[in-house]
Amino acid sequence: MFSASNYVDKVDFAFIFITAISFALLILITILMIYFVFKYNRKKGVKPVNIHGNTTLEIIWTAIPVLLVIPMFYYGWVGFVEGNNPPKDSMTVKATAQMWKWTFEYPNGVKTDTMYVPQNRPVKVDLISIDVTHAFFVPAFRIKRDVVPNRNNMVWFTSENTGSFDIACAEYCGLNHSYMYSKVVVLKESEYADWLKIQTDKMNAAAITQ
Amino acid sequence: MSTHTSKVDNSVSYLEYQGKHKGLKAWIFSTDHKRIGLLYLVTMLFFFSIGVTFGFLMRLELLTPGKTIIDPQTYNSFFTLHGIIMIFLFIIPGLPAVFGNFFLPIMIGAKDVSFPRINLLSWWLFLLGGILAIVSVIMPGGAVDTGWTFYVPYSVRTGTNVWPALLAAFILGFSSILTGLNFVTTVHRLRAPGMSWFRLPLFIWSLYSTAWIQVLATPIIGITLLMVFFERVFGFGVFDPALGGDPVLYQHLFWIYSHPAVYIMILPAMGVISEIIPVFSRRTIFGYKFIAFSSIAIAFFGSLVWAHHMFTAGMSSPAMFIFSLLTFIVAIPSAIKVFNWVSTLYKGSIQTDPPLLYALAFIFLFAIGGFTGLIQGALSVNMHIHDTSFIVAHFHYVMFGGTGFGIFAALHYWFPKMFGRKYNLKTAKVGFWTLFVGFNVLYFPMFIMGWLGMPRRYYDYLPEFHIYHSISTYGSWILITGLIIMFTNLYIGYKRGAVTTEENPWGGETLEWQTMTPPPIENFDVIPEVTGDPYGYKQNDENETVKVKEAL
């Protein structure tokens with residue numbers, strides 16, 4: 001099974017891991033509450049008992065959550081650090097955000113408002129904002145990074161799947177924030193080369209006519 | 001009871017007491033902590049109704065894709081004002097300023113807070129800030145549209161009325177600082193004889209921890225908002241990159257206050273829950289010291305996790321590592337509280353009156369809020385769900401399901417003591433269940449669509465999210481029905497409910513239940529001498545053959 005990006009498996013695993021443990025604990029707490037409310041209901045007329053505490057229990061229910069959150073933290077961390085180190089052979093695309101559109105610029109100067117990338121090749125996206133803070137968010141790739149003016153954030157991914165995926169702006173940026181959508185289109189390597197050639201020719205032709 | 005030597009007439013309740021002022025003036029110039037508490041209650045509920053209206057209209061807009069009732073600019077103002085009003089005018093002052101003011105002095109056996117006039121001043125500042133926030137909506141220029149977070153550079157560039165909103169938040173901050181200062185001093189100086197630290201009710205412990213955060217953290221937001229104000233008005237370059245500033249610096253300064261503020265909001269609610277559960281279980285609280293110290297631990301660790309709001313902003317890896325790890329650590333004291341509350345139900349004598357229902361719902365909803373907080377604390381997952389409706393669901397489970405339900409629990413718990421009237425218990429339960437169901441139908445779908453990639457603060461959305469948005473909007477209608485039932489019932493109780501002078505209707509052991517209903521102006525005829533812990537329930541120990549301490 002191919003993933004839409006190199007992050008999907010790790011993020012989804014961390015999510016399911018934490019959710020499963022949380023769900024089990026939530027069920028435990030809830031069932032205990034409901035059980036106690038019925039079992040020790042005042043209508044049954046049983047005399048209540050004062051129990052001031054139990055240090056062993058306190059230690060147990062402090063230690064177990066500590067032991068549980070450490071792997072949660074760890075899985076979150078490993079999935080994240082990968083994003084800091086783009087492979088050396090990454091292709092770079094410059095993404096410029098402004099109110100309320102995206103522009104993508106390729107190494108040879110071609111500019112588009114939809115992002116095209118080749119399959120199975122690491123793509124590093126340099127994030128530039130020319131006005132306020134935006135955020136580059138591709139839900140299918142499980143990536144998001146703020147696009148902050150004067151701060152050159154970047155994000156990188158490799159997509160194993162071809163297809164078209166939504167890019168959303170995830171940092172509130174005013175009137176048309178919710179319309180600041182674009183797409184990232186993942187093409188087979190050869191299709192991408194063809195696409196880039198057509199775009200390059202178009203760009204050159206436009207330059208000549210000017 | 002022996003006669004008192006004070007000059008004031010202490011034989012009538014604080015509601016009937018006649019000072020030098022009459023009518024409305026007897027309220028708005030009163031320095032009595034109980035009257036100030038009620039002033040806060042009335043103003044806070046007024047602002048709450050406005051906040052609810054904005055929330056309701058936002059949900060209505062999101063019922064269908066595209067325009068349903070309002071345009072995007074109006075929508076952006078609505079979610080901004082909903083946030084500002086709910087946070088600064090409802091959740092933050094809700095428990096400390098209303099119930100803290102009313103009950104803190106009584107529960108520690110004092111006649112009033114340390115500085116009654118400063119207390120009145122803080123209400124006036126609250127009113128002023130609140131009015132300014134509301135007035136900014138109708139001033140020319142348009143209602144503020146920055147989100148309650150006022151993120152720079154957008155907040156410096158937008159043409160809307162940012163400065164009145166900033167000034168309002170600034171003034172409200174002072175109100176909060178003064179209340180915190182008053183509570184810290186009062187707890188230190190005015191405890192009744194015998195009221196040692198470990199005999200303090202847990203609500204007082206939570207207010208005390210909260211008060212310290214209010215005093216220490218609020219000035220930071222004050223200065224930060226002032227800097228944004230100067231940046232907008234005089235062109236100072238602190239945060240705006242166009243002027244050579246750094247927008248991420250703003251985010252740090254904002255969250256250095258606003259994350260601890262989350263604990264200002266939740267800790268007092270935890271205190272209320274710690275009062276209600278032993279009373280309605282008719283037994284002593286389980287793990288008193290662990291609950292008390294976990295409040296302090298939350299206040300301390302909660303001050304060190306602010307940057308988890310900024311994981312996508314582009315921080316260094318060591319910073320990410322530390323802030324993520326600490327975020328997981330801060331969950332532990334909350335877990336300890338939950339386990340102790342549940343254990344307090346064990347071998348109790350439980351009566352499911354409305355305050356307990358709200359308290360148990362608090363535990364359930366807060367647990368969901370807490371667990372989903374863990375999900376966001378994991379860095380890789382945070383990259384995906386940050387700034388999506390998953391976050392919106394999470395903080396509504398914590399702030400509304402937690403603090404909101406805590407406020408409703410407190411209202412139902414202390415209502416008879418405050419007003420000397422009874423409300424209808426059956427209707428209160430109907431209101432509770434409607435509210436509880438509506439709440440979950442409204443907010444749970446937001447978790448799902450957030451995970452699926454629905455960003456927050458969106459006026460419009462892609463067709464695949466329609467189903468979740470419409471369910472959520474239906475939930476808002478159920479929730480509002482619940483709110484109407486609850487408040488109408490309480491209002492009818494206040495106006496026409498059976499008069500009661502019963503001192504202790506629920507069987508509580510803390511000091512507010514050992515004085516007149518409603519309390520007299522100086523709270524007690526004679527300042528009580530405290531001899532035992534606040535949830536003693538000595539009667540349980542009588543004729544008891546088993547040694548209960550090791551019962552588990």
Side-chain angles (χ1 to χ4, degrees), chain A residues 7 10-11 14-15 18-19 22 26 29-30 32-33 36-37 40-42 46-54 57-58 61-62 65-66 69 72-73 75-77 79-81 83-84 132-133 135 137 139 142-146 148-151 153 168 170-179, chain B residues 72-73 147 151 153-154 157-158 241 247-248 281-284 286-287 290 312-314 317 321 324-325 328 331-332 335-336 338-339 342 345-352 360 363-364 367-368 371 374-375 378-381 383-384 386-387 453 455 457-460 537 540-541 548-549 551-552:
Chain A
Y7 302 104
K10 290 193 187 77
V11 171
F15 176 75
I18 301 171
T19 306
S22 301
L26 178 70
I29 293 164
T30 311
L32 275 178
M33 281 198 302
F36 288 162
V37 164
Y40 303 111
N41 205 289
R42 197 166 297 168
V46 180
K47 205 168 154 44
V49 179
N50 281 341
I51 304 166
H52 291 270
N54 183 311
L57 267 180
E58 299 283 352
W61 66 46
T62 308
V66 171
V69 296
M72 293 180 186
F73 162 76
Y75 288 127
W77 171 251
F80 160 76
V81 278
N84 280 350
V132 300
T133 305
F137 177 29
R142 311 282 189 267
I143 53 171
K144 179 182 299 107
R145 201 56 52 101
D146 291 0
V148 186
N150 270 13
R151 177 179 282 249
N153 283 342
E171 182 64 65
Y172 173 69
C173 60
L175 187 67
N176 289 325
H177 171 52
S178 68
Y179 295 106
Chain B
Q73 186 61 36
Y151 267 20
Y154 187 74
R157 296 187 188 190
T158 176
V248 178
S281 306
R282 286 278 162 83
R283 51 151 286 184
T284 192
F286 192 97
F290 290 92
T312 62
S317 295
F321 186 96
S324 171
L325 190 59
F328 282 103
I332 307 294
I336 292 172
V338 168
F339 294 136
V342 174
L345 296 169
Y346 177 72
K347 295 208 169 174
S349 171
I350 298 168
Q351 180 136 322
T352 49
L360 298 179
I363 297 178
F364 178 76
I368 295 178
F371 286 131
L374 294 177
I375 294 173
L379 288 170
S380 64
V381 184
M383 295 300 127
H384 178 53
H386 180 76
D387 267 329
R457 295 176 168 174
Y458 262 35
Y459 165 76
D460 202 356
Y537 291 96
N540 295 350
D541 298 333
V548 290
K549 273 200 174 178
L552 276 172

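Letters A, B, ... are given to chains in the order of the sequence lines, protein chains preceding strands, and every chain is numbered from 1.
- Between A:V46 and B:S349 there is no side-chain heavy-atom pair separated by less than 4.5 Å.
- Heavy atoms closer than 4.5 Å to chain B are found in both the backbone and the side chain of A:A14.
- Only the side chain of A:R151 comes within contact range of chain B, judged by heavy atoms closer than 4.5 Å.
- Note on B:G314, B:A378, B:G348: by heavy-atom pairs under 4.5 Å with chain A, the leading option is B:G348.
- Taking the six-membered ring where tryptophan is involved, the planes of A:W61 and B:F286 are tilted, since the angle between them lies from 30° to 60°.
- Per-residue counts of heavy-atom pairs under 4.5 Å with chain B were compared for A:H177, A:R145, A:E171; the largest is that of A:H177.
- With a 4.5 angstrom heavy-atom cutoff, B:L325 touches chain A via backbone and side-chain atoms both.
- Interface residue B:R157: only side-chain heavy atoms are found under 4.5 Å from chain A.
- Looking only at distances, a side-chain donor or acceptor of A:K144 sits under 3.5 Å from a matching main-chain atom of B:H386.
- Residues A:Y40 and B:L345 fail the side-chain proximity criterion, which asks for heavy atoms closer than 4.5 Å.
- Only the side chain of A:T30 comes within less than 4.5 Å of a heavy atom in chain B; its backbone stays farther off.
- Residue contact with chain B, scored on non-hydrogen atoms closer than 4.5 Å, involves the backbone of A:Y75 exclusively.
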Original post:
A:V49 and B:R283: side-chain contact (heavy atoms from CB on, under 4.5 Å), yes or no, with the steps?
Top reply: CA-CA 6 Å; A:V49 179; B:R283 51 151 286 184; over 6 Å; no
**OP:** Determine, step by step, whether A:F15 and B:I375 satisfy the side-chain contact (heavy atoms from CB on, under 4.5 Å) criterion, reporting the C-alpha distance in whole Å, the side-chain angles of both residues, the deciding distance to 0.1 Å, and the verdict.
**Re:** CA-CA 6 Å; A:F15 176 75; B:I375 294 173; 3.6 Å; yes
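- Among the candidates B:P455, B:A367, B:P247, B:A313, the residue making the largest number of heavy-atom pairs closer than 4.5 Å to chain A is B:A313.
- Shown here for B:G287 and A:E58, the closest heavy-atom pair between the two residues is CA-OE2, 3.6 Å.
- Residue contact with chain B, scored on non-hydrogen atoms closer than 4.5 Å, involves the side chain of A:N153 exclusively.
- Using a 4.5 Å cut-off between heavy atoms, B:T158 makes no contact with chain A at all.
- No other option in B:T284, B:V248, B:D387 has as many heavy-atom pairs under 4.5 Å with chain A as B:T284.
- The greatest number of non-hydrogen atom pairs below 4.5 Å with chain B, out of A:I143, A:I29, A:N176, is found for A:I29.
- Side-chain atoms of B:S324 and A:F80, non-hydrogen and from C-beta on, never get closer than 4.5 Å to each other.
- Rounding to the nearest 0.5 angstrom, the gap separating the CD1 atom in A:I18 from the CG atom in B:L374 is 7.0 Å.
- The two residues A:L32 and B:V342 have their closest heavy-atom pair at CB-CG1, 3.9 Å.
- The shortest non-hydrogen separation linking B:Y154 to A:G174 is OH-CA, 3.3 Å.
- In this structure, chain A has a heavy atom under 4.5 Å from the side chain of B:Y151, while its backbone stays farther away.
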Subject >> Stepwise side-chain contact (heavy atoms from CB on, under 4.5 Å) check, A:L26 with B:F364 >> reply: CA-CA 8 Å; A:L26 178 70; B:F364 178 76; 4.1 Å; yes
Original post:
Can B:F328 and A:M72 be said to form a side-chain contact (heavy atoms from CB on, under 4.5 Å), step by step?
Top reply: CA-CA 8 Å; B:F328 282 103; A:M72 293 180 186; 3.6 Å; yes
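- Listed here is the closest heavy atom pair of B:P153 and A:P149: CG-CG, 3.8 Å.
- Taking 4.5 Å as the limit, every side-chain heavy atom of A:K10 sits out of range of all side-chain heavy atoms of B:S380.
- A pairwise comparison of heavy atoms in A:R142 and B:M383 identifies O-CB, 4.1 Å as the closest pair.
- The two atoms that bring A:L175 and B:P72 nearest to each other are O-CB, 3.7 Å, heavy atoms only.
- If you check the side chains of A:D146 and B:T312, you find a donor sitting under 3.5 Å from an acceptor.
- The candidate with the highest count of non-hydrogen atom pairs below 4.5 Å against chain A, out of B:V338, B:L360, B:D460, is B:D460.
- Here B:R457 pairs with nothing under the salt bridge (Lys or Arg N to Asp or Glu O under 4.0 Å) rule; sequence neighbours left out.
- In this structure, chain A has heavy atoms under 4.5 Å from both the backbone and the side chain of B:Y537.
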